[in-house]
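Structure first, then comments.
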2 protein chains.
Amino acid sequence: MGKQMTEMLKGTLEGIVLAILSVRPAYGYEITAWLREKGFSDIAEGTVYALLIRVEQRGLVDVEKFPSEKGPPRKVYSLNAQGQECLEEFWRTWSFLTKQLEQLREGGR
Amino acid sequence: MGKQMTEMLKGTLEGIVLAILSVRPAYGYEITAWLREKGFSDIAEGTVYALLIRVEQRGLVDVEKFPSEKGPPRKVYSLNAQGQECLEEFWRTWSFLTKQLEQLREGGR
DNA sequence: ACTAGTACATAGTAACACTGAATAGTGGCG
DNA sequence: CGCCACTATTCAGTGTTACTATGTACTAGT
């Protein structure tokens, strides 16, 4: 992946994952696969798992274990109230940034 | 500043500064003041200077010193060809991210 | 047994923004 | 004169984040 994308994902990837979880609960492997499909070419698996552990420790998600037909049990994460709040805050921050950058992009030409 | 904003600025702030420099040459103090006006409430001064040194070392900008009426001489940065190229790459990456996040935002409600 | 696919975890590294302080020059005020 | 405010740059130390690379573990197919 490009170095720029790597840096730009910092802070953003967490919002992306929270947004995914706001649609429906999901587990790490599933989220990674989804991201790759969507064009985040090779987000490292470890990255997603580390992120999930972080948001869990901050109390933004609830966790439940479900047995898998193939392989070890899945840790299914779901967004709780606090996570929902954090996601909304994320969207506010994101909106501010996009607004500023749009203005810059217009002015730059 | 919010922690979310801090993390989201990683990678983005560099693009913002390059975009500013693409409009016209500027020096650190000026850029910091401009950012604060635009609502990046309290971006640390040190942050901008460190970023400018980084992009200088990567050869994205040219530097000239000009005496100031008040205070030490200004280091005026201007975007060169390589910087312009980097800025365009930044816009491509940014566009991809915004597209993905817009889709997520729609789907999430 | 061996391989591939599923699923999670983690130690170490690099990059970036922040904190907090230092340095340096100019002008105004008591 | 001494002090403060404003302009302007620099730097060492810190925290957070994503990546790299690897390891563990379970199942199914050959």
Side-chain angles (χ1 to χ4, degrees), chain A residues 1-18 25-36 40-58 60-61 63-77 86 90 93 97, chain B residues 1-18 25-36 40-58 60-61 63-77 86 90 93 97:
Chain A
M1 194 142 40
K3 201 190 121 201
Q4 266 186 344
M5 181 60 95
T6 293
E7 288 308 322
M8 236 183 276
L9 277 177
K10 291 189 180 174
T12 311
L13 186 58
E14 181 180 303
I16 292 175
V17 170
L18 293 182
Y27 57 97
Y29 192 83
E30 193 183 4
I31 294 172
T32 303
W34 188 89
L35 286 171
R36 288 190 176 156
F40 295 96
S41 34
D42 25 42
I43 283 192
E45 282 203 64
T47 300
V48 173
Y49 289 114
L51 193 158
L52 287 169
I53 287 172
R54 262 191 332 258
V55 294
E56 180 187 355
Q57 282 173 348
R58 280 200 284 148
L60 307 180
V61 292
V63 192
E64 260 186 301
K65 279 206 176 181
F66 291 101
S68 163
E69 316 87 50
K70 349 175 95 184
R74 297 166 172 167
K75 277 180 75 176
V76 174
Y77 294 84
C86 190
F90 168 78
T93 307
L97 250 192
Chain B
M1 196 140 39
K3 200 190 122 202
Q4 265 186 344
M5 182 60 93
T6 293
E7 289 308 321
M8 234 183 276
L9 277 179
K10 290 187 181 176
T12 310
L13 186 58
E14 181 180 304
I16 293 174
V17 169
L18 293 183
Y27 56 98
Y29 192 82
E30 194 183 3
I31 294 172
T32 304
W34 188 88
L35 286 171
R36 289 194 174 152
F40 295 96
S41 34
D42 24 42
I43 283 194
E45 284 204 64
T47 300
V48 174
Y49 288 112
L51 193 158
L52 287 171
I53 288 172
R54 263 190 333 257
V55 294
E56 180 188 353
Q57 283 174 347
R58 279 200 285 150
L60 307 181
V61 292
V63 192
E64 260 186 301
K65 279 205 177 184
F66 290 102
S68 163
E69 316 88 47
K70 346 175 98 186
R74 296 166 173 167
K75 278 179 74 177
V76 174
Y77 295 84
C86 189
F90 168 78
T93 308
L97 250 192

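All chains are named by letter (A, B, ...) in the order of the sequence lines, taking the proteins before the strands, and each is independently numbered beginning at 1.
Between C:dA17, D:dT9, C:dC16, one nucleotide has an atom nearer to the side chain of A:K3 than all others, and that is C:dC16. Residue B:I53 has its side chain nearest to D:dC11 when only D:dC11, C:dA17, D:dC19 are considered. Of the candidates D:dA18, C:dA17, D:dT9, the closest approach to any side-chain atom of A:T47 belongs to D:dA18.
Contact annotation: A:K75 reaches the phosphate of C:dA9 (side-chain N/O to OP1 or OP2, under 4.0 Å). Between A:R54 and the phosphate of D:dT17, there is a side-chain N or O to OP1/OP2 separation shorter than 4.0 Å. Applying the 4.0 Å criterion to OP1 and OP2 of D:dA8, one finds that B:S68 has a side-chain N or O inside that range.
Using a 4.0 Å heavy-atom distance criterion, A:L13 is classed as a sugar-phosphate-only contact.
Heavy-atom distances to DNA chain C give each of B:K70 and A:R74 a nearest nucleotide, and the one nearer the 5′ end belongs to A:R74. Judged by closest nucleotide on DNA chain D, B:V76 is the one of A:G46 and B:V76 placed further toward the 5' end. Where A:R58 and A:E45 each meet DNA chain D at their nearest nucleotide, the meeting point lying more 5' is that of A:R58.
A donor-acceptor contact shorter than 3.5 Å links the side chain of A:T12 to the backbone of A:M8.
To the nearest angstrom, C1' of C:dA7 lies 12 Å from CD of A:E69. If you take CD of A:E7 and P of C:dA17, they are 7 Å apart, rounded to a whole angstrom. A:E30 has its CD atom 19 Å from the P atom of C:dG5, to the nearest Å. Note: OH (A:Y49) to C1' (D:dT17) measures 19 Å, nearest angstrom. In this structure, B:K65 atom NZ and C:dG25 atom C1' are separated by 13 Å, rounded to whole Å. Atom CE in B:M8 sits about 14 Å away from atom C1' in C:dA17, given to the nearest Å. Rounded to an integer number of Å, the gap from B:L52 CG to C:dC16 C1' is 14 Å. Atom OH of B:Y29 is separated from atom C1' of D:dT7 by 5 Å (rounded to the nearest Å).
With hydrogens and angles ignored, no donor-acceptor pair under 3.5 angstrom links the side chain of A:K10 to the base of D:dT16.
B:V48 and B:G28 get closest at one heavy-atom pair: CG1-O, 4.0 Å. When all heavy atoms of B:I43 and B:R36 are compared, the pair lying nearest together is O-NH2, 3.0 Å.
Looking at A:E30 and A:R74, no side-chain N of the basic residue comes within less than 4.0 Å of a carboxylate O on the acidic one, giving no salt bridge.
Residues A:T32 and A:Y27 are not in side-chain contact: their nearest non-hydrogen atoms beyond the backbone lie 4.5 Å or more apart.
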